[in-house]
Novice: 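Got a structure for you, questions after.
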Amino acid sequence: MYFVANWKMFGNLKSINTLDKVIKFSKSKEIKKGRLIYCPPYTLITSFFKKFKNCLIDIGAQNCHESNDYGSYTGFINSRMLKSIGANYVILGHSENRKKGETDKLINQKIKSAIKAKLKVIFCIGETLREKKRGKTKPILSKQIRLGLDKINKKSNIMIAYEPVWSIGTGNIPKPKELEQTVEFIKKKFRGKLPKILYGGSVNPQNISNLKNINNLDGFLIGGASQNSKKFIDIVKKTFN
Ligand code: PGA
């Protein structure tokens with residue numbers, strides 16, 4: 001089971017001290033089959049990488065530029081640069097970036113560039129509340145998968161994170177049955193080796209018991225609750241208990 005911490009635009013050098021608890025936990029038996037991945041803001045990737053030097057916690061970024069080459073793109077960072085400072089993962093297609101104008105086509109270019117740089121991709125998909133209410137969840141997910149993964153043959157480096165937009169940061173989560181059906185639907189889009197499928201959106205220590213037994217789910221993408229080490233550890237512990 002994967003537990004991905006998405007810190008979004010939070011954290012500074014002082015927050016690194018809060019990771020001691022997680023490092024200790026990652027070395028204990030209690031972690032069981034959990035694999036932890038931290039995706040801090042760009043500014044903290046190097047510090048996190050150093051901090052996690054002697055443990056198995058992995059590092060990812062929250063986005064990257066679509067070009068694999070260096071270039072005149074003020075303010076951007078590409079996947080090669082991320083790989084060179086120790087990142088092994090990158091979150092792409094997050095709804096907070098789609099909202100800012102990232103199209104399926106742009107996300108597809110980013111995924112291609114990340115794979116070329118040997119980063120593993122956490123590819124986010126999900127419907128808005130309006131789309132859900134109109135019964136459009138399945139066609140929306142299909143479109144995001146089809147366009148986002150267009151002409152990408154090697155799917156082994158991709159994880160799908162199903163994050164309903166209406167669930168992110170709201171405290172609302174899908175009903176277990178509904179989520180199970182959606183995960184099943186996503187799974188059916190792939191032939192051969194299935195990508196790992198994560199769920200994201202308001203995961204916390206209180207609701208993890210409703211989410212942990214969903215069939216075919218390989219882990220969670222956790223925003224708010226991951227910035228608090230105790231809550232993050234609790235989520236992992238409760239997944240296995
Ligand atoms: P949340 O965020 O856990 O705070 O809802 C999840 C995400 O946006 O990845």
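Quick note: numbers below take in every heavy atom, side chains included, and nothing from hydrogens, waters or symmetry partners. Positions are given from 1, in the same order as the sequence printed here. Read the numbers this way: they start at 1 and go in the same order the structure lists the ligands and their atoms.
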Novice: May I ask you to say whether Lys132 pairs ionically with Glu178, meaning some side-chain N is under 4.0 Å from a carboxylate O?
Specialist: yes
Novice: Check each of Ala5, Ser95, Gly169 against atom 5 (O) of ligand 1 and report the one with the nearest heavy atom.
Specialist: Gly169
Novice: I'd like to check which ligand 1 atoms, numbered from 1 as shown, lie under 4.0 Å from a non-hydrogen atom of His94.
Specialist: 7 (C), 8 (O), 9 (O)
Novice: Find all atoms of ligand 1 within a distance of less than 4.0 Å from any non-hydrogen atom belonging to Gly201, and give their numbers and elements.
Specialist: 5 (O)
Novice: Using a distance-only test with no angle check, is there a side-chain donor-acceptor pair under 3.5 angstrom linking Asn63 and Glu102?
Specialist: yes
Novice: Against heavy atoms of Gly223, which atoms of ligand 1 measure under 4.0 Å?
Specialist: 1 (P), 2 (O), 3 (O), 4 (O), 6 (C)
Novice: For atom 4 (O) of ligand 1, grab the closest protein heavy atom and report residue, atom and distance to one decimal in Å.
Specialist: Gly224 N, 2.8 Å
Novice: When you check the gap from the basic side-chain N to the acidic O, do Arg98 and Asp104 get nearer than 4.0 Å?
Specialist: yes
Novice: Under 4.0 Å from a heavy atom of Ser202: which atoms of ligand 1 are those, numbered in the order shown and with their elements?
Specialist: 1 (P), 3 (O), 5 (O)
Novice: Does some side-chain heavy atom of Tyr89 sit less than 4.5 Å from a side-chain heavy atom of Leu82?
Specialist: no
Novice: Students should be able to answer this: which protein heavy-atom is nearest to atom 2 (O) of ligand 1, and at what distance?
Specialist: Lys8 NZ, 3.2 Å
Novice: Show the atoms of ligand 1 that are less than 4.0 angstrom away from any heavy atom in Glu163.
Specialist: 6 (C), 7 (C), 8 (O), 9 (O)
Novice: Quick test of your reading: applying salt bridge (charged side-chain N to carboxylate O under 4.0 Å, His left out), list the pairs with at least one residue in residues 188-200, sequence neighbours left out, ordered by first then second residue.
Specialist: Glu184-Lys188
Novice: Are more than 12 heavy atoms from other residues, nucleotides or ligands located less than 6.0 Å from atom CZ of Phe49?
Specialist: no
Novice: For the pair Tyr42 and Phe76, evaluate ring pair (Phe, Tyr, Trp, His ring centres under 6.0 Å) and give the outcome as yes or no after the intermediate values.
Specialist: CA-CA 10 Å; Tyr42 296 128; Phe76 289 94; 9.3 Å; no
Novice: Give the atom numbers and elements of ligand 1 that come within less than 4.0 Å of a heavy atom of Leu221.
Specialist: 9 (O)
Novice: Determine whether the side chain, the backbone, both or neither of Ile168 has a heavy atom under 4.0 Å from any heavy atom of ligand 1.
Specialist: both
